[in-house]
Each structure stands twice: as structure tokens, then as C-alpha cells.
Amino acid sequence: MPISSNIESPDNVWGKMGDPSCPLCGGVGFLRRDLPLGHPEFGKLTICTCQAKQVSQATYQRLYRLSNLESFENMTFETFNPRGRIGLGDDQANSLTYAFNQAKHFAQTLKGWLLLIGNYGCGKTHLAASIAHEAVKRGIQTLFLTVPDLLDWLRFSYNSTESNFEERFNEIRNVHLLILDDLGTENATPWACEKLFQVINHRYTNRLPTVITTNLNAQEIEGRINSRLNDPELVTTVKIMASDYRSPMKDSTHPPLSSLHLPLHTTQTFGNFSMREPEHLTPEEQASLEKAFRTARDFAESPKGWLVLLGANWCGKTHLAAAIGNYRLSLGESPMFVVVPDLLDHLRATFSPNSTTSYDHLFDQVRTTRLLILDDLGTQSATPWAREKLYQLFNYRYNAELPTVITTSMQLEEVDPRIRSRMMDTKLCRICAILTPPFHGAAVSKPRKNSRRAG
């Protein structure tokens, strides 16, 4: 939806819907008040009471169209479930309730900024759209834009002979309430970064009400923008911990299988992966780490075949595996990230008389999932039963050519020969060995600039 560069003023609305029988305006719809010379309102048109309701409705419709809310008409506070769906943990549900209350408070006051952080599908866009609906109902000039759309419109007007870039840019910067959805999904070209910063910096300097949603961590946001978002005097930051509302829930009576929701893994992205430049790594060690990073990032962009990450404990292979999962999660998918010993424990638990999940159901769920990430192969108890179940899992995914990520600290020679033979199929599998020594967080590299591309 293009942003109008000629926002209709009250002067253009008045006079279109006047009541011919009105004794005050005679049907014109507006009048001039009898004021003394020198009064600030002297000579200015004012709306007549006979058409106040009609003008109010016309203004609402104009702002509704301007705010690009047609696609979000069902996203209101009334349709939002502040406790989420059944099956959320207490912390997840409480974070959602807190976000709902903060969003309602902001919608009532429209003071400062509201920053909503959370994974894909957690409800942050719904809350942002709800704020927009409330503001437009009150006749407040509002723009609700995804950041990629904002930049696309600016690019169009910049290169168009029919649109005035400066007028459009100023509209966006100065609109009373600006809501920017999905910060971080834009194509982060230098031009895009600069224009986005100019919008945010202008609104920061002038303290204009602004709502921003993002699934990025603070360290992944462009530095200048992040510094403004960290101003506690202006910005209220709310982190939503709820899972994707649109994805099927795991059986709430069975422990969640995928562990991407755990605090450790939710923060592991490509953007905060350390390349360990300050450390004294050998050229071979550094090259192996960079190759693993590039390979994992490329796999996240287009998961095909298998990716095996080899290396010592704490070398970064689990971080890269989780980053792949988090990236696909941000795109609306439901990757399964599971530590191999935990997977076997889940499978064993189904044999309990009290289990509400059957073994066949759980095993089928794992082996057929679209993207499976198996962490720490080789740390499991090597019983015949465990070896057989893992072989069945790997063999199924090998024959079906399903995208799979495997991390292990084992040497290839130590892997079950039946599984190793499938890993050695170069048509299906890529193997990356990380040669660096264990890393315990002593050195952290500068976060990478991120776009929608893997991170």
C-alpha cells in the first residue's frame, strides 16, 4: 500500500457532508467563529457540529487506510489471549500477560517507546497491531509498517518520478505514532541501514511515540539503533517467552522434545557466534572455524542433505547447530533440536505405564520431522537398544534424504559403522571438522551485522 504524500486535511473533508437544514452553517459544514482580531484562531475555519460525527468517521477511515491495517483487522486486544494457549509454562504465560498489559497501557498513554522482543509467532505483531487499532479509533495519525515494506516504499519513491521522496520520508519520520514490525528482517544494505537509522534517530530525538517488534537479540541490532533502544528513560522493553502460537504444541503431559526453547539455545545465533579473532589460534584452526561458520550459515539458508559438525567439546559446534535451528524457527518453521542422550531418555520414558505418549508416535515424530538437529552424538549410553534405535533413525532419514544436522566430539572411526557409512556419502552429507581448542567465553568477537540472511 503506497503512503499518501497528500494526507487529507480537515479543510478538505469539511463542506462535503453538511446538513442543509443546519441553522449555523446552512449546509456548508464549517464556519468561522466570531473572535477578536489578534486571536490565534481568528479567521480560521472550524467544523460545524452538524457533521462532527461524519467527519470523525471519515477521518477514522482515512487513518485506517493510511495505517495499512486491512491485513491485520482481526488483531485487536479483544482477540488476543493474554495467557496464550494451553500447554505454555508459567514463565511463558506470565511473559505474555505482562506484554499484553504493557501494550494496553502504551495504547492508552502513547508515551515513549515500546520494544517487543520474542520468537516468531509469539504474539508481538498481534499486540503491535492492537495498539495501532486503538490509536486509529481515537483519530491519531498512525502508520503500521513492516521494516522491509518501509524500505521498499522509500526505494520506490527515491527512484520514481511520480513520488516525492522527501515528502514521503518526512511523513514516516513525523507521523504521530509509528509502528515498525519485524526489525531485522530487512535487507541490510548500507543505504537501508542509513535510512532506517535516520527514521529511528529522528523519532528518538523528538521523543515521538514508537513501537518496534523484533526477534533479534540486542547484540544483533545495528549499533546506533541498539544504543537508542537501550535508553531506559524512553524505551520500555518487553521480552515474550511464549512459543509460536501457530505451531502445533507438543503433548503437554510429555516433556517438550526439542530444546531450542531453553535459555542457552534461544540466544545462540549466527549474529553472536564468536570467531575468536583475539585468541592465538593457528591459521589452520582459524580457517576450520570460519569454514564451519560459512557452511552452517549456508545450510541454514537452504537445508538440504546432512551436515556433520565434528570437534572437541566447547569448540562452537552446538552453537552453530542451534543457530541453524533458530534461523529456521524465525522463518516460521519448526525444527527439532535434541541432545542425543535426551532423545533416548524420551524414547525410554514412553515404556512407562504412566506415559501418555506412545513409543511409535514419538519415534515417528522424530524421524519424519522436516529438520532434525541431533546434538552430541556419542555421549549416549551405548547399549544395544540405543545403538539400534539410532541406526533406525539415521537410516530412515538417509533413505528419505531429510535435512539433518549432527554434532559429535567423536572421531569418525568411533561412530557406529552403519551410521558412519551414511555420513561418508558425499552426495548427501557435508562434514566440517572444527580444529579449535575448547572455548569458554573468554573472548567475544564483534557481533556480525545481520539481515534476514541466516541470523
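The shown structure was predicted, so the numbers you read here are calculated from the model rather than taken from an experiment.
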| query | Any sub-3.5 Å donor-acceptor pair from Thr146's side-chain atoms to Asp182's backbone N or O? | reply | no
| request: Give a yes-or-no answer on whether the side chains of Thr125 and Asp181 include a donor-acceptor pair shorter than 3.5 Å. | output: yes
| request: Mind checking the NE2-CD1 spacing from His105 to Ile131? Nearest 0.5 Å is all I need. | output: 11.0 Å
| With a 4.5 Å heavy-atom cut-off, do Glu134 and Ile140 have their side chains touching? | no
| said: Between Arg276 and Thr436, is there a side-chain donor-acceptor contact under 3.5 Å, judged purely by atom types and distance? | reply: yes
| message | How close do Leu371 and Thr404 get, counting heavy atoms only, and between which atoms? | response | CD1-N, 4.4 Å
| message | How long is the straight-line distance from CD1 of Ile212 back to CH2 of Trp113, given to the nearest 0.5 Å? | response | 5.0 Å
| task | May I ask you to check if Arg422 and Phe394 form a cation-pi contact, with NZ or CZ under 6.0 angstrom from the six-membered ring centre and within 45° of the axis? | result | no
| note | Closest non-hydrogen contact found for Ser288 with Leu435 is OG-N, 3.0 Å
| So, do Asp342 and Ser259 sit near enough that their side-chain heavy atoms are less than 4.5 Å apart? | no
| request: Would you kindly check if the NZ (Lys) or CZ (Arg) of Arg297 is within the cone defined by 45 degrees around the ring axis of Phe299 and under 6.0 Å from the six-membered ring centre? | output: no
| said: Does Arg370, at its CZ atom, have more than 12 non-hydrogen atoms belonging to other residues, nucleotides or ligands within less than 6.0 Å? | reply: no
| said: Would the distance check show the side chain of Asp416 and the main-chain N or O of Arg418 forming a donor-acceptor pair, the cut-off being under 3.5 Å? | reply: yes
| field | Side chain Ser95, main chain Gln92, donor-acceptor under 3.5 Å | value | yes
| task | Return the set of residues passing side-chain contact (heavy atoms from CB on, under 4.5 Å) with Asn94 (not counting sequence neighbours), or none when no residue passes. | result | Arg83, Asp90
| request: Can you see which heavy atom on Thr210 is nearest to which on Leu177, and at what distance? | output: N-CD1, 4.3 Å
| Flag side-chain contact, heavy atom, 4.5 Å: Phe77 against His133 | no
| Glu194, CD: over 12 other non-hydrogen atoms inside 6.0 angstrom | yes
| Non-hydrogen side-chain atoms of Thr295 and Leu307 separated by less than 4.5 Å | yes
| task | Kindly say whether Arg367 contributes a backbone atom to a donor-acceptor pair with the side chain of Arg397 at under 3.5 angstrom? | result | yes
| Are any side-chain N or O atoms of Thr408 and backbone N or O atoms of Leu310, one a donor and one an acceptor, separated by less than 3.5 Å? | no
| said: Looking at Gly118, is its backbone amide N or carbonyl O close enough to the side chain of Lys124 to form a donor-acceptor pair, meaning the two atoms are under 3.5 Å apart? | reply: yes
| message | Checking the side chain of Arg173 only, and the main-chain atoms of Arg203 only, is there a donor and an acceptor separated by less than 3.5 Å? | response | no
| task | Using atom types as modelled and distance alone, determine if a side-chain donor or acceptor of Arg328 lies under 3.5 Å from a backbone N or O of Ala300. | result | yes
| Side chain Thr407, main chain Lys317, donor-acceptor under 3.5 Å | no
| field | Closest non-hydrogen atom pair, Ala321 against Ile373 | value | O-CD1, 3.4 Å
| request: Hey, can you tell me if Phe337 and His265 have their rings parallel, tilted or perpendicular (30° and 60° cut-offs)? | output: tilted
| Residues that Glu414 engages under side-chain contact (heavy atoms from CB on, under 4.5 Å), provided they are two or more places apart | Met410, Gln411
| Would you call Arg228 and Glu222 a salt bridge, using N to O less than 4.0 angstrom? | no
| Side-chain donor-acceptor contact under 3.5 Å, Asn326 with Thr269 | no
| task | Compute whether any side-chain donor of one residue and acceptor of the other, for Thr79 and His126, lie under 3.5 angstrom apart. | result | yes
| note | Closest heavy-atom pair, Ala128 versus Leu116, reported as atoms and distance to 0.1 Å, is N-CD1, 4.3 Å
| query | Does some side-chain heavy atom of Leu127 sit less than 4.5 Å from a side-chain heavy atom of Phe106? | reply | no
| request: Measure from the side-chain N and O atoms of Thr205 to the backbone N and O of Asn201, and report whether any donor-acceptor pair falls under 3.5 Å. | output: yes
